[in-house]
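All remarks here apply to the structure that follows.
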Amino acid sequence: MKKIVLSLLGLFISIASQAQHFDLVPLGIYGGEQEDNLSAYLVGTPKDTAFLCLDAGTINTGIRRAIQLKSLHGSEEAILHNQIKGYFISHGHLDHLSGLIINSPVDSKKNIFAIAPVLQILQNHYFINDTWINFADQGQKPILGKYHYNELQEGIELGAPNTPFFLTAFELSHVNPYKSSAVLLRRQDHYLLYLGDTGADRIEKTDRLDYLWKTIAPLIKKGQLNTILIEVSFPNNQAENLLFGHLTPRLLLEELNKLKEKLGQNDLKDLTIVVTHRKPTRNNPEIIKQELLESNPLKVNYIFPEQGKKISLP
Ligand SMILES: [Zn+2]
Ligand SMILES: [Zn+2]
């Protein structure tokens with residue numbers, strides 16, 4: 001009897017320690033070409049329907065796919081209007097925001113979060129009369145005011161209204177000096193890190209990732225951050241002078257080794273990495289997956305997202 005109680009207790013502790021804190025519904029997963037499947041990730045919490053959309057490359061097709069797969073519930077219109085509470089846009093490239101622009105006429109009033117240079121791009125190049133209509137609340141007239149621009153300042157946390165999340169942005173280098181960004185999302189004392197497009201520090205000649213690893217290392221140590229969404233755009237055979245501010249499996253490993261050193265650990269076996277932004281040219285997505293899984297000395301738990309398929313994260 002004592003044995004049974006003890007093993008039940010053990011089971012309970014292991015379930016409790018694996019508690020799911022975040023739900024992720026990918027609306028789009030690729031880094032180009034397939035215009036119906038470009039970077040956009042809804043993040044929410046279990047048993048709640050308030051989502052923040054991390055990048056917005058593809059919206060409508062992703063919602064329809066997620067309804068089919070029972071990852072989201074309700075009509076396309078209701079999900080867009082009522083469940084997506086705001087957007088974080090990592091940088092100004094089309095594959096991260098075209099879904100937001102195209103769906104803006106049928107969207108509801110909500111917030112856009114981004115660092116200042118990204119808001120400038122939205123304001124000066126997309127929400128203007130020559131290319132579209134100004135649905136935002138600043139910039140060229142007429143101003144329709146559907147979207148409220150919220151500037152994220154590096155390292156300063158901001159609450160996302162109507163969601164349980166608080167956001168802290170970090171600048172990334174995406175062909176230096178072009179700025180992309182990452183967002184550290186907090187709900188109570190649990191965190192999730194999402195990176196927009198980024199090159200490796202060595203190639204970009206910056207220390208942006210080094211600074212980010214230094215910042216998040218204490219959270220990983222305390223078990224408060226278990227998941228990172230990061231890009232791997234090209235297979236290892238992509239020449240280093242043709243990376244255009246992106247990572248390969250080898251370069252991701254180079255960066256993760258630096259994170260491991262800051263943690264003072266031998267591996268990263270408690271870390272889940274959701275691999276985003278694979279470029280879908282030819283068989284590249286499969287090659288990237290194989291290269292990551294075949295050379296995984298840090299024992300990272302890799303997840304390869306699928307459009308519309310919900311992922312439960314610790
Ligand atoms: Zn991209
Ligand atoms: Zn980009």
Side-chain angles (χ1 to χ4, degrees), residues 6-26 29 41-47 52 54 155 157 164-168 170 172 182-196 198 200-201 208-232 247-278 288-306 309-314:
L6 276 178
S7 66
L8 278 176
L9 189 67
L11 185 69
F12 175 76
I13 288 168
S14 82
I15 289 170
S17 67
Q18 285 166 11
Q20 307 299 308
H21 293 102
F22 299 100
D23 275 354
L24 193 71
V25 181
I29 64 156
Y41 296 86
L42 293 186
V43 60
T45 58
K47 301 190 190 92
L52 185 72
L54 306 174
E157 191 175 71
F165 303 125
F166 292 82
L167 313 178
T168 307
F170 296 88
L172 299 173
V183 66
L184 182 65
L185 194 124
R186 180 176 69 81
R187 177 210 176 201
Q188 295 166 355
D189 59 354
H190 288 277
Y191 294 81
L192 180 114
L193 179 66
Y194 174 83
L195 287 87
T198 181
D201 280 353
R208 296 313 308 167
L209 286 174
D210 192 73
Y211 177 74
L212 185 57
W213 304 148
K214 197 159 66 190
T215 307
I216 63 163
L219 302 177
I220 295 177
K221 273 202 124 120
K222 282 186 271 184
Q224 294 177 315
L225 170 63
N226 310 93
T227 305
I228 298 176
L229 286 84
I230 188 168
E231 70 132 281
V232 183
L247 296 173
T248 61
R250 197 180 296 124
L251 289 169
L252 175 63
L253 193 56
E254 186 174 312
E255 289 297 337
L256 290 179
N257 265 307
K258 290 193 233 164
L259 174 60
K260 182 205 75 170
E261 277 161 30
K262 296 198 190 321
L263 289 166
Q265 295 174 188
N266 295 323
D267 56 44
L268 297 173
K269 65 177 163 45
D270 296 326
L271 193 66
T272 293
I273 298 246
V274 179
V275 178
T276 67
H277 206 268
R278 286 175 290 168
I288 291 166
K289 182 177 177 179
Q290 291 313 320
E291 287 177 345
L292 286 168
L293 295 177
E294 279 165 16
S295 176
N296 186 12
L298 300 178
K299 304 186 177 70
V300 168
N301 171 35
Y302 284 114
I303 291 181
F304 299 89
E306 292 170 49
K309 196 170 167 190
K310 188 172 94 175
I311 303 167
S312 295
L313 293 166

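Numbers here simply count residues along the sequence, with the first being 1. Please read these numbers as outputs of a predicted model, since none were measured by experiment.
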Handout entry: Heavy-atom donor-acceptor pair, Glu255 side chain to Ala200 backbone, under 3.5 Å
Key = no
Problem - Pairing of Lys258 and Glu261 as salt bridge, 4.0 angstrom limit - result: no
Exercise for the section: Could you tell me whether the side chain of Asn296 and the main chain of Leu292 form a donor-acceptor pair under 3.5 Å? Expected result: no
Fill in the blank from the handout: Distance col, row Phe304:CZ vs Leu293:CG, nearest 0.5 angstrom, shows 4.5 Å
Problem - CG on Asp189 to CG on Leu225, rounded to 0.5 Å - result: 12.0 Å
Handout entry: Euclidean distance, Leu24 CG relative to Thr227 OG1, rounded to 0.5 Å
Key = 8.5 Å
Handout entry: N/O donor-acceptor pair under 3.5 Å between Gln20 side chain and Leu313 backbone
Key = yes
Exercise for the section: Please check if the side chain of Glu291 supplies one atom and the backbone of Arg250 the other of a donor-acceptor pair under 3.5 Å. Expected result: no
Practice task
Would you check if the side chain of Thr276 reaches a backbone N or O of Ile230 as a donor-acceptor pair within less than 3.5 Å?
Solution key: yes
Exercise for the section: Considering non-hydrogen atoms only, spot the tightest contact between Pro305 and Tyr41 and give its length. Expected result: CG-OH, 3.9 Å
Exercise for the section: Using a 4.5 Å cut-off on heavy atoms from C-beta on, say whether the side chain of Leu52 contacts that of Tyr194. Expected result: no
Exercise for the section: Could you tell me whether a side-chain N or O of Lys221 sits under 3.5 Å from a main-chain N or O of Leu263, the two making a donor and an acceptor? Expected result: yes
Practice task
Please round to the nearest 0.5 Å and tell me the distance separating atom CG of Leu271 and atom CD1 of Ile216.
Solution key: 7.5 Å
Handout entry: Value rounded to 0.5 Å, distance of CG in Asp23 from OG1 in Thr45
Key = 7.0 Å
Exercise for the section: Taking the side chain as every heavy atom from C-beta outward, state whether Leu193 and Leu219 have any atom pair closer than 4.5 Å. Expected result: no
Practice task
Measure across Lys260 and Asn266 and return the closest heavy-atom pair with its distance rounded to 0.1 Å.
Solution key: CD-O, 3.6 Å
Exercise for the section: Spell out, as yes or no, whether a donor-acceptor pair under 3.5 Å connects the side chain of Thr215 to the backbone of Tyr211. Expected result: yes
Exercise for the section: State, to 0.1 Å, how close Phe22 and Pro314 come at their nearest heavy-atom pair, and which atoms those are. Expected result: CD1-O, 3.9 Å
Handout entry: Pair Leu252-Val300, side-chain contact (heavy atoms from CB on, under 4.5 Å): steps then yes or no
Key = CA-CA 11 Å; Leu252 175 63; Val300 168; over 6 Å; no
Problem - Approximate separation, where rounding is to 0.5 Å, of Leu251 CG and Thr198 OG1 - result: 10.5 Å
Exercise for the section: Please determine if Asp210 and Lys262 form a salt bridge, counting it only when a charged side-chain N lies under 4.0 Å from a carboxylate O. Expected result: yes
Fill in the blank from the handout: All heavy atoms of Arg208 vs all of Asp201, minimum pair found to be N-OD1, 3.4 Å
Practice task
List the atom of Arg186, the atom of Gln188, and the distance in Å for their closest heavy-atom pair.
Solution key: NH1-O, 2.7 Å
Problem - Test side chain to side chain contact (heavy atoms under 4.5 Å, CB included) applied to Tyr191 and Asn226, Leu184, Leu185, Ile220, the passing residue - result: Leu184
Problem - Taking every non-hydrogen atom, the tightest pair across Val275 and Tyr302 - result: CG2-CD2, 3.8 Å
Handout entry: Side chain proximity check, Leu229 to Leu192, heavy atoms < 4.5 angstrom
Key = yes
Problem - Donor-acceptor pair, side chain of Glu231 and main chain of Leu247, under 3.5 angstrom - result: yes
Practice task
May I ask you to decide if the ring planes of His21 and His190 are parallel, tilted or perpendicular, using 30° and 60° as cut-offs?
Solution key: parallel
Problem - Side chains of Leu172 and Leu212 in contact at under 4.5 Å (non-hydrogen atoms) - result: yes
